[in-house]
Amino acid sequence: MPELPEVETTRRGIAAHLVGRRIEGAVVRNAALRWRIPPHLGRMVRGLVVRDIERRGKYLLVRCEPGTLILHLGMSGSLRVLPVGTPAEKHDHFDLILDSGMLMRLRDPRRFGAVLWEAGDPLKHPLLRDLGPEPLTGALTGKWLFRQTRNRSAAIKQVLMDGHLVVGVGNIYANEALFRAGINPKTPARRVGLSRYEQLAEAIRRTLRAAIRAGGSSLRDFVKSDGTPGYFQQQYQVYERAGEPCLRCGTPIRRIRQGQRSTFYCPRCQK
DNA sequence: AATCTTTCCTGCCGGC
DNA sequence: TGCCGGCAGGAAAGAT
C-alpha cells in the first residue's frame, strides 16, 4: 500500500510533468473505484491549467483554476506519466491527457483508490475536512496527541492509525514509530503520558522523513510516476521481522494481532 | 481458499 | 430516554 512516503514521492514525480500544463481531457476506462469517478469529469477538466500538486495526508490534490482533482491511491494504486498512445493495460482505469503529448495514468488493481472533482476549496471536502495534522511539519505535536487521546481506551497502535488523530501513519509506520519511541503497541492510548507522546511525535516525523529520503517504502506493485519500476524494500526495524533479533537489544521481535492487523514489537524495548 | 491490504461506514455500547 | 463519542467489525477487489 502506498503509505505517506510513497504518496509524497509520487507527488514530486508527477508535479514535474503536470504543473503549468493544460489538460486536454480525461479517459475513464473503469469508473468503479472506491467511489464512482464523476461521469463528466473529462468535460469539466478540459482546458484547465494545472497550477500545483499538493498532498493532504495520502490524498493528492491536482490544483487547477478553478477546481481541484482529488486522487487517492488506495491500497494498490500508482501513477505514471507516459506518452499519449501508450496502450492501456488491464488495471489502467484513468488517464489525464496533457498538452505536452504526455498523459498521467492511474493503475489500481484492487480499485480502492479514488478520483474526485471538487469545484471549491478541496480542504473543505468531506473526506479531507476532518483529517488530523500533517506529521512532517510542525503541525503534529506531542501535546496534540496527548490531548486528543485522553478518553481513548483503545490500544495506542490502533489509535495511531486513525487519520483524524494524525494523517499518513499506516500499519508499517505505526509499528516503526512505536518501536523508535519505545512504546508498547498494546498500551491504551489514554495511559500514555505527555512526554512519551512528545517522543512519539518526533519518532513519527523521523520515521516518515527517513522513508521519503529512501524513495518511499515498497510494495511490489508500486511504480514511480515516470514509469521506472519500483521502490526498493526499506530496512524496517520491526515490521515483518517476527522472530528476528531486535536491532537494539537482541530480543526476538514479537508478532501479534490487533484489530485484524499485524503488529510487530520488541517486548523488551517497548514498555 | 484463507489471508492480506486501507479507509469509510454501520451498528452497538456506555456515560451523561 | 436520547444523544454522543468511541470502538469493533464489515465491506470493497485482486493476488497469492
Side-chain angles (χ1 to χ4, degrees), chain A residues 1-8 10 28-37 55-61 70-79 88-94 106-116 118 122 125-132 134-135 144-177 185-192 204 208 211 216-223 229-231 233-234 236 238-242 255-264:
Chain A
M1 154 69 190
E3 292 216 40
L4 186 141
E6 287 87 344
V7 178
E8 174 61 19
T10 298
V28 178
R29 292 184 201 81
N30 185 351
L33 301 187
R34 179 160 200 163
W35 295 282
R36 194 155 192 85
I37 298 177
R55 180 187 57 74
R56 178 74 178 98
K58 296 178 187 174
Y59 292 90
L60 285 169
L61 309 178
I70 301 176
L71 304 172
H72 197 287
L73 301 178
M75 294 205 311
S76 61
S78 58
L79 291 170
E89 294 181 31
K90 187 176 178 186
H91 300 298
D92 293 340
H93 307 308
F94 176 81
L106 172 70
R107 173 173 299 179
D108 186 3
R110 276 160 268 185
R111 292 199 272 121
F112 290 180
V115 177
L116 303 166
E118 170 58 51
H125 189 282
L127 289 170
L128 282 69
R129 196 176 45 198
D130 301 318
L131 292 178
E134 288 288 332
W144 163 266
L145 293 177
F146 179 75
R147 289 181 55 184
Q148 295 298 311
T149 50
R150 286 314 80 202
N151 50 0
R152 301 202 57 172
S153 56
I156 178 66
K157 159 81 183 321
Q158 287 164 277
V159 171
L160 202 50
M161 290 193 287
D162 177 356
H164 302 290
L165 181 69
V166 53
V167 294
V169 183
N171 197 35
I172 295 171
Y173 296 109
N175 281 297
E176 294 293 305
K186 291 181 288 189
T187 309
R190 67 200 304 173
R191 302 261 184 256
V192 177
I204 292 167
L208 291 174
S217 70
S218 82
L219 225 224
R220 56 190 173 283
D221 55 355
F222 194 79
V223 177
Y231 291 118
Q233 178 75 36
Q234 246 199 286
Y236 299 124
V238 289
Y239 187 72
E240 295 269 87
R241 293 196 64 242
R255 176 195 180 126
I256 59 170
R257 302 286 288 178
Q258 289 183 293
Q260 295 139 309
R261 317 292 305 280
S262 287
T263 294
F264 302 86

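Values in this document were obtained by computation on a predicted structure and should not be read as measured data. Here is how names work: the chains are called A, B, and so on, in the same order as the sequence lines, proteins then strands, and each is numbered from 1.
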Task: Nucleotide B:dT7, atom C1' - distance to NZ of A:Lys58 in whole Å - done: 9 Å
Close N/O contacts between protein and nucleotides 10-16 of chain B (under 3.5 Å):
none

TODO: Quick one: closest heavy-atom pair of A:Ser76 and A:Asp108, and the distance?
DONE: OG-OD1, 2.6 Å
- [ ] Over all heavy atoms of both residues, which pair between A:Gly132 and A:Val167 is shortest? Give the atoms and the distance, please.
- [x] O-CG1, 3.5 Å
Task: Whole angstrom value for the distance that separates C1' of B:dT7 from CG of A:Asp130 - done: 14 Å
TODO: Measure the distance from CZ on A:Arg150 to C1' on C:dG5 and round it to the nearest whole Å.
DONE: 16 Å
TODO: Rounded off to whole Å, could you give me the CG-to-P distance for the A:Asn171 and B:dC4 pair?
DONE: 11 Å
Task: For A:Gln258, side chain to side chain donor-acceptor pair (under 3.5 Å) partners two or more places apart - done: A:Thr263
TODO: Please name the pair of heavy atoms, one in A:Arg241 and one in A:Tyr236, separated by the smallest distance, quoted to 0.1 Å.
DONE: CD-O, 3.3 Å
Task: With sequence neighbours excluded, residues passing salt bridge (charged side-chain N to carboxylate O under 4.0 Å, His left out) with A:Glu118 - done: none
TODO: Please check the phosphate of C:dC7 (OP1 and OP2 only) for any side-chain N or O of A:Ser153 closer than 4.0 Å.
DONE: yes
TODO: Using a 3.5 Å limit on both pairing distances, list the dot-bracket string of DNA chain C from the 5' end; Watson-Crick and G-U wobble pairs count, crossing pairs take [ ], interstrand pairs take |.
DONE: .|||||||||||||||
TODO: Write out all pairs satisfying salt bridge (Lys or Arg N to Asp or Glu O under 4.0 Å) with one or both partners inside residues 146-170 of chain A, taking only residues at least two apart or from two chains.
DONE: A:Arg152-A:Asp162
Open item on the list: Check this one for me: any side-chain N or O of A:Arg257 less than 4.0 Å away from OP1 or OP2 of B:dT3?
Closed with: no
TODO: Please determine if a side-chain N or O atom of A:Asn151 lies less than 4.0 Å away from the OP1 or OP2 oxygen of C:dG5.
DONE: no
Measure all distances between protein nitrogen or oxygen atoms and nitrogen or oxygen atoms of nucleotides 10-14 of chain C, and list the pairs falling under 3.5 Å.
from, atom 1, to, atom 2, distance (Å)
C:dA13, O4', A:Arg110, O, 3.0
C:dA13, O3', A:Arg111, NH2, 3.4
C:dG14, OP1, A:Arg111, NH2, 3.4

Open item on the list: Using whole Å, what does the distance between atom P of nucleotide B:dT7 and atom CG of A:Leu33 come to?
Closed with: 15 Å
Open item on the list: Heavy atoms only, 4.0 Å cut-off, all strands: where does A:Arg190 land among base, sugar-phosphate and nothing?
Closed with: nothing
- [ ] Identify, with sequence neighbours excluded, every residue that meets ring pair (Phe, Tyr, Trp, His ring centres under 6.0 Å) alongside A:Phe94.
- [x] none
Task: Pair listing, side chain to side chain donor-acceptor pair (under 3.5 Å) test, anchored in residues 28-37 of chain A, at least two apart - done: A:Arg29-A:Asp95
Open item on the list: Under the rule for side chain to side chain donor-acceptor pair (under 3.5 Å), what residues qualify as partners of A:Thr187, not counting sequence neighbours?
Closed with: none
TODO: Provide, to the nearest angstrom, the distance between the CZ atom belonging to A:Arg152 and the P atom belonging to C:dA8.
DONE: 10 Å
- [ ] List for me each residue that meets side-chain contact (heavy atoms from CB on, under 4.5 Å) alongside A:Gln260, sequence neighbours excluded, and say none if there are none.
- [x] A:Arg257
Open item on the list: Tell me the interatomic distance from A:Gln158, atom CD, to C:dG9, atom C1', rounded to whole angstroms.
Closed with: 12 Å
Task: A:Tyr59: partners by ring pair (Phe, Tyr, Trp, His ring centres under 6.0 Å), with sequence neighbours left out - done: A:His72
Task: For atom CG of A:Leu73 and atom P of B:dT5, their distance in whole Å - done: 18 Å
- [ ] List in chain and number order the residues that pass side-chain contact (heavy atoms from CB on, under 4.5 Å) with A:Gln148, two or more places apart in sequence or in another chain; answer none if no residue qualifies.
- [x] A:Trp144, A:Leu165
